[in-house]
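Below is one structure, written out as structure tokens; comments come after it.
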Amino acid sequence: MQTHFFDTRIEYLKGVGTSRALLLNTELQIFNYGDLIQYYPFRYEDRTKFHQISDLYDGMESAQIKGRLRFVEKIGEGHKARLTGQFTDGSGTMELAWFQSVSFLEKNLRAGAEYVIYGKPAFFQGRPQMQHPEMELLNPDNEKGGYFQPVYGLTDKLRKRYVDSKVIANMQRNLLDQAYNHIRETLPENLIQKYRLVAKRDAVYNIHLPQSEAWLHQAKRRLKFEELFYNQLRLIKQKLLRRVDYSGQIFKSAALVTDFYKKHLPFELTNAQKKVIREIFEDMKSGKQMNRLLQGDVGSGKTIVAFICMLLAIDNKAQACIMAPTEILAQQHYDGLKIFADLLGVTIQKLTGSVKKKQREVIHEGLRSGALKIIVGTHALLEDNVQFQNLGLCVIDEQHRFGVAQRAKLWEKNKHIHPHILVMTATPIPRTLAMTLYGDLDVSVINELPKGRKPIKTVHRYDSHRLNVFGFMRDEIAKGRQIYVVYPLIEESEKLDYKYLEDGFESLSRAFPENFISIVHGKMKPADKDFEMQRFINKETQIMVATTVIEVGVNVPNASVMVIESAERFGLSQLHQLRGRVGRGADQSYCILMTDVKLSKDTRTRIETMVRTTDGFEIADVDLQLRGPGDLSGTQQSGVIDLLIADLAKDGEILRVARECATEILEEDNNLDLPKNEMIKEQVDNLRANESNWARIS
Ligand code: ADP
Ligand code: MG
């Protein structure tokens with residue numbers, strides 16, 4: 001039976017045996033045939049053609065050459081020993097060199113024999129050479145070239161035990177010889193036809209042993225499509241299920257909102273703000289529980305949108321909460337919203353870790369009785385003793401700091417009928433990623449900044465120009481502006497970071513009068529932080545020296561210069577967030593990125609991107625290209641992003657098509673009950689039963 005076949009333990013495979021099986025178990029978590037066949041290569045080496053030694057050039061990534069190993073010679077002794085050899089193919093000669101496994105190679109390489117070698121050519125005094133080339137005796141299999149060599153992820157331990165990509169490819173070959181006929185199709189015929197996909201078994205075969213470039217391409221396309229299709233299908237299904245399962249409170253009366261619009265709204269809302277408010281109101285009137293993601297670049301005005309939505313809830317006898325990731329942010333939301341709430345006679349309080357027990361109890365009581373309408377807070381809101389009379393709307397600000405589990409906890413704060421959830425994020429998530437991460441949320445986007453904002457000017461300066469930068473800062477302060485100077489804070493080297501911060505503070509103190517400067521960092525007590533923050537907000541100080549605690553959300557419209565020290569140590573989205581702290585008032589704002597002269601290629605790209613554009617989505621895309629989706633948004637724990645073969649940075653188009661396809665199917669057949677969808681249903685159930693198991697493939 002099929003299932004039994006892929007369950008076969010890996011030691012039974014030809015070419016594996018007990019000791020290698022143990023290695024595969026511990027190093028790669030490969031236990032059975034199914035695990036191995038799903039261990040896909042992450043790239044391929046082009047062995048389709050042979051190069052001539054005379055054609056090699058500097059900067060070539062790799063070359064495959066067929067020729068004769070004239071001789072090898074060991075030079076030096078002990079751990080300093082190295083092996084050199086001379087290799088010729090008729091067009092020229094080159095030197096080969098090895099610094100590792102010297103005695104093994106000395107014993108095994110055969111002088112005078114013909115080899116196919118592969119490696120990265122280098123040049124020394126104009127002559128070609130190759131270090132640690134792969135050596136394979138010429139044989140009927142490799143003499144014609146014409147194949148793609150799969151490259152598998154390996155660990156040091158595997159390499160030390162001579163399990164390299166070739167060895168794994170051989171295991172795959174042995175396995176596929178038997179497995180090919182056991183691989184079942186996992187997509188229905190109509191989809192295979194419609195999207196012109198190759199059969200599952202051929203895709204799996206060619207992903208390990210590509211018969212040609214064209215086959216490799218088709219194999220990847222097929223497997224990526226399938227992976228993304230089922231990923232989207234599950235997310236969309238979840239979303240539909242929830243629609244059906246969870247009803248939501250119906251908020252109809254908008255009198256309070258109208259009152260606010262008429263009397264207190266301090267500015268005209270942007271069209272984008274109006275649009276998203278309409279979308280959110282629709283949800284909150286629909287009778288179904290809302291789960292919506294509100295995306296809007298920094299400074300796009302999400303807070304006021306959230307407040308207006310809270311008013312809708314409150315006008316309908318419900319309560320609302322807003323949860324922020326830090327004390328400072330919670331404080332700021334509280335300060336900002338309290339002004340409006342007071343005008344409207346709506347009760348509002350703040351609940352964070354630093355709130356004293358007595359005050360806490362008062363708040364708890366207010367929430368339970370329903371007297372308290374809006375609560376602004378941090379994680380403290382999640383605690384079990386925070387109970388509401390009737391929680392109607394939860395706003396989660398800066399979602400990327402919160403996990404999916406926390407969202408669920410908020411749901412439970414209203415046992416009778418789940419509250420509506422509005423998740424707000426300024427981290428511009430590329431569309432591809434948003435679909436995968438938040439495929440179960442509806443999305444609203446504020447794609448417009450309030451009028452009258454001047455684009456921030458961003459420049460890059462080397463540390464050696466610091467005095468010029470100080471001069472510029474002085475000029476801006478003279479014009480009445482305020483300035484942030486931000487230092488990196490990376491946990492592993494916390495001590496060092498604080499040293500940078502202190503040194504920076506000192507040199508600033510020499511250049512500016514001491515009473516100009518505030519300092520805020522993570523090691524300070526919350527009260528001291530607030531005190532310093534407040535002095536800056538009140539314009540008592542002109543410069544705010546800070547670590548990244550300032551990163552999210554903080555809003556001081558008069559601050560118009562952001563100096564980022566050691567900018568090379570920040571990620572792109574972080575830089576973008578930081579820059580978003582300025583450009584909030586009417587004045588021309590500036591962002592100055594300070595770096596060392598020596599920069600890696602990626603760092604240069606990051607800095608250049610920041611200088612070139614202020615478009616958060618463009619920045620997010622570059623970020624995704626540079627980092628890959630793994631690190632983005634800290635949401636790995638959601639598990640949604642655990643993809644075997646698709647690459648969110650590159651496969652946006654396949655994802656789009658897969659999502660479209662999944663949507664179409666579910667719109668027609670909610671529960672996948674139609675006969676033509678039988679295979680899909682089965683596969684979905686399989687996937688659920690065996691999350692990360694071989695069932696995905698068999
Ligand atoms: P973010 O989306 O980054 O959270 P905020 O909600 O903090 O942005 O808003 C940034 C600033 O823009 C605030 O000072 C806010 O009062 C202001 N603002 C919001 N909407 C508008 C608007 N329509 N017109 C003018 N200013 C606005
Ligand atoms: Mg905000």
Side-chain angles (χ1 to χ4, degrees), residues 41-77 80-154 159 162-170 172-173 206-220 601:
F42 68 93
R43 71 183 172 87
Y44 299 82
E45 287 168 0
D46 182 354
R47 307 285 178 97
T48 50
K49 31 187 179 306
F50 291 104
H51 293 90
Q52 304 255 294
I53 291 176
S54 58
D55 291 342
L56 301 182
Y57 57 88
D58 211 359
M60 249 174 129
E61 265 313 304
S62 60
Q64 173 173 250
I65 306 162
K66 183 161 49 174
R68 186 176 302 279
L69 182 65
R70 281 209 177 130
F71 62 82
V72 283
E73 184 183 9
K74 186 163 144 189
I75 299 173
E77 277 304 323
K80 282 210 178 115
R82 67 191 166 96
L83 199 64
T84 65
Q86 201 181 59
F87 190 74
T88 176
D89 69 347
S91 80
T93 54
M94 68 192 295
E95 192 181 296
L96 308 181
W98 295 268
F99 304 96
Q100 277 151 29
S101 314
V102 169
S103 39
F104 174 85
L105 287 163
E106 191 189 15
K107 253 183 256 146
N108 285 280
L109 288 175
R110 279 198 247 149
E114 285 197 288
Y115 278 92
V116 171
I117 71 169
Y118 181 90
K120 180 174 169 53
F123 282 78
F124 182 68
Q125 293 177 342
R127 298 214 318 266
Q129 48 166 263
M130 209 177 259
Q131 289 180 4
H132 284 275
E134 256 179 53
M135 305 289 292
E136 206 173 68
L137 281 169
L138 190 68
N139 63 45
D141 270 345
N142 66 18
E143 72 174 351
K144 285 191 285 301
Y147 67 100
F148 284 84
Q149 173 73 44
V151 182
Y152 294 91
L154 298 167
R159 279 198 200 91
Y162 305 106
V163 176
D164 58 15
S165 284
K166 275 222 160 108
V167 171
I168 297 200
N170 275 330
Q172 300 285 11
R173 188 184 312 270
N206 279 281
I207 210 73
H208 292 293
L209 309 167
Q211 303 301 290
S212 68
E213 197 167 2
W215 262 114
L216 177 58
H217 176 74
Q218 289 303 332
K220 283 187 191 166
K601 193 162 146 263

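Residues satisfying the side chain to side chain contact (heavy atoms under 4.5 Å, CB included) criterion with Val102, sequence neighbours excluded, are Lys74, Ala81, Leu83. The ring pair (Phe, Tyr, Trp, His ring centres under 6.0 Å) check on Phe104 picks up Tyr162, with sequence neighbours excluded. Residues passing the side chain to side chain donor-acceptor pair (under 3.5 Å) test with Ser54, sequence neighbours excluded: Ser91. With sequence neighbours left out, Arg70 forms a side chain to side chain donor-acceptor pair (under 3.5 Å) with Gln86. With sequence neighbours left out, the salt bridge (Lys or Arg N to Asp or Glu O under 4.0 Å) criterion links Lys166 to Glu134, Glu136. Taking the ring pair (Phe, Tyr, Trp, His ring centres under 6.0 Å) definition, one finds that Phe71 meets it with nothing, sequence neighbours left out. Judged as a side chain to side chain contact (heavy atoms under 4.5 Å, CB included), and not counting sequence neighbours, the contacts of Phe123 are Leu56, Asp58, Pro128. Remark: Lys49 engages Asp46 in a side chain to side chain donor-acceptor pair (under 3.5 Å) (not counting sequence neighbours). Residues meeting the salt bridge (Lys or Arg N to Asp or Glu O under 4.0 Å) test with Arg127, sequence neighbours left out: none. In this view, Tyr44 satisfies the side chain to side chain donor-acceptor pair (under 3.5 Å) rule with no residue, not counting sequence neighbours.
Here the straight-line distance linking atom CG of Asn142 with atom CZ of Arg47 works out to 9.5 Å at 0.5 Å rounding. With rounding to the nearest 0.5 angstrom, the CZ atom of Phe87 is 11.0 Å from the OG1 atom of Thr93. To the nearest 0.5 Å, the span separating CG on Leu96 from CD1 on Ile117 amounts to 5.0 Å. Within the model, atoms CD of Gln172 and OH of Tyr152 stand 4.0 Å from one another, a figure rounded to the nearest 0.5 Å. Residue Arg82 holds its CZ atom at 13.0 Å from CD of Glu77, rounded to the nearest 0.5 Å.
No donor-acceptor distance shorter than 3.5 angstrom exists from the side chain of Gln149 to the backbone of Glu45, with no hydrogens or angles considered. Side-chain atoms of Thr84 do not come within 3.5 Å of backbone N or O of Ala97 as any donor-acceptor pair. Side-chain atoms of Lys120 come within 3.5 Å of backbone atoms of Met60 as a donor-acceptor pair (strictly under, hydrogens ignored). No side-chain donor-acceptor contact under 3.5 Å links Arg68 to the backbone of Thr88. Judged by distance alone, the side chain of His132 and the main-chain N or O of Phe99 form a donor-acceptor pair under 3.5 Å.
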What pairs of donor and acceptor atoms, side-chain ones from residues 210-219 against any protein atom, are under 3.5 angstrom apart with sequence neighbours left out?
unit_1: Gln211; atom_1: NE2; unit_2: Leu209; atom_2: O; d: 2.8
unit_1: Ser212; atom_1: OG; unit_2: Ala214; atom_2: N; d: 3.4
unit_1: Ser212; atom_1: OG; unit_2: Trp215; atom_2: N; d: 3.1
unit_1: Gln218; atom_1: OE1; unit_2: Arg221; atom_2: NH1; d: 3.2

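Residue pairs meeting the side-chain hydrogen bond (donor to acceptor under 3.5 Å, both in side chains) criterion with at least one partner in residues 97-114, sequence neighbours excluded, are absent.
Residues Phe50 and Ile65 come closest through the heavy atom pair CD2-C, 4.1 Å. Between Lys66 and Asp89, the shortest heavy-atom contact is O-CB, 3.2 Å.
Residues Glu143 and Val116 fail the side-chain proximity criterion, which asks for heavy atoms closer than 4.5 Å.
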Evaluate the criterion side-chain contact (heavy atoms from CB on, under 4.5 Å) for residue pair Lys220 and Ile207; output intermediate values, then yes/no. CA-CA 7 Å; Lys220 283 187 191 166; Ile207 210 73; 3.7 Å; yes
